[in-house]
Amino acid sequence: ALALAAAGLALFLAFDIVVLPAAIRAAGGGPEQATLFLSALGLGAILGGAALALLGGRVERLPMGRLFAAGLAGLAAGTAAVAFAPLEEAVLAGGGLLAGIAVAPLAPLVTTLVQTRPPRALRADALGVSQSAMQAGAPVAAILLGLAAEVAAPRDLLLAIAALFGALALAALAARP
């Protein structure tokens, strides 16, 4: 589940930098629509982070695979919403808000898992590897999505990304953290 969440985070970071602007531009929109989505995403991230903070120490007792799956499923829904109605303000705001709420807890949950599950002697190594994987994954995903954007229609690419987030969510449900 940890690797799946890290992959989802990397894909998400590349999605909003590479694919979202291209999809909005292809639908006839401009910076205003991208700004609306990203602003709603930021608000959602604040709300998602606050919800995680309210859970406090209870997070460690929750099944991590389900938490990762819920976050990845939220990303799938937010991405699909934008694919189906890229210029509708309510859809952009709702999709951004949902994606923000969903993505906000993923990175802290990955860090919590890495800091609590491995044996004490391996925790620093595990944290270094997980953070490096997330940091390196985003640029690799951006390159791959950029190449895909050259050959696929933006809406099709958004739907493929939503499907990938959904597949990652299902895999997170089946995986052990």
Side-chain angles (χ1 to χ4, degrees), residues 1-20 37-80 82 95-149 157-158 160-177:
L2 177 63
L4 297 169
L9 282 169
L11 180 62
F12 176 73
L13 291 172
F15 151 76
D16 69 346
I17 294 169
V18 177
V19 179
L20 178 70
F37 179 86
L38 294 173
S39 296
L41 177 79
L43 176 60
I46 291 169
L47 295 173
L52 184 64
L54 290 174
L55 287 173
R58 294 176 290 202
V59 170
E60 290 180 14
R61 293 189 303 264
L62 298 173
M64 288 292 173
R66 288 186 184 162
L67 291 172
F68 289 144
L72 292 164
L75 288 175
T79 304
V82 174
L97 188 68
L98 178 60
I101 289 170
V103 78
L106 287 181
L109 288 173
V110 167
T111 303
T112 298
L113 187 61
V114 168
Q115 291 177 346
T116 58
R117 300 289 169 96
R120 184 174 292 280
L122 296 176
R123 286 184 185 163
D125 293 337
L127 183 61
V129 168
S130 71
Q131 293 301 309
S132 296
M134 283 191 289
Q135 297 295 326
V140 170
I143 290 169
L144 295 174
L145 288 177
L147 292 171
L157 192 51
L158 284 173
I161 292 168
L164 186 53
F165 282 137
L168 289 170
L170 292 173
L173 280 176
R176 292 184 49 90

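Throughout, residue positions are numbered sequentially from 1 according to the sequence presented.
Residue Arg123 comes nearest to Thr116 through the heavy atom pair NH2-O, 3.5 Å, listed as atom of the first residue, atom of the second, then distance. Considering every non-hydrogen atom in both Ala172 and Leu72, the closest pair reads CB-CD1, 4.3 Å. The two residues Ala104 and Ala45 come nearest to each other via the heavy atoms CB-O, 3.2 Å. Closest non-hydrogen pair, Gly71 versus Ala102, comes out as O-CB, 3.2 Å. In plain terms, the two heavy atoms of Leu75 and Ala99 that are nearest each other are CD2-O, 3.6 Å. For the pair Ala10 and Ala138, the tightest heavy-atom approach, listed with the atom from each and the gap, is CB-N, 3.6 Å.
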Next on the checklist: Please evaluate residues Phe15 and Leu158 with respect to the criterion side chain to side chain contact (heavy atoms under 4.5 Å, CB included), reporting the C-alpha separation (whole Å), side-chain torsions for both, the decisive distance (0.1 Å), and the verdict.
Outcome noted: CA-CA 8 Å; Phe15 151 76; Leu158 284 173; 3.2 Å; yes
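In this structure, Leu145 CG and Leu164 CG are separated by 9.0 Å, a value rounded to the nearest 0.5 Å.
Using a 4.5 Å heavy-atom cutoff, the side chains of Leu43 and Ile101 are not in contact. Using a 4.5 Å heavy-atom threshold, the side chains of Thr79 and Leu20 count as separate. Between Pro108 and Leu52 there is a side-chain heavy-atom pair separated by less than 4.5 Å. Side chains of Leu97 and Leu41 form no contact here, defined as non-hydrogen atoms less than 4.5 Å apart.
Ring geometry for Phe12 versus Phe165: interplanar angle of 30 to 60°, hence tilted.
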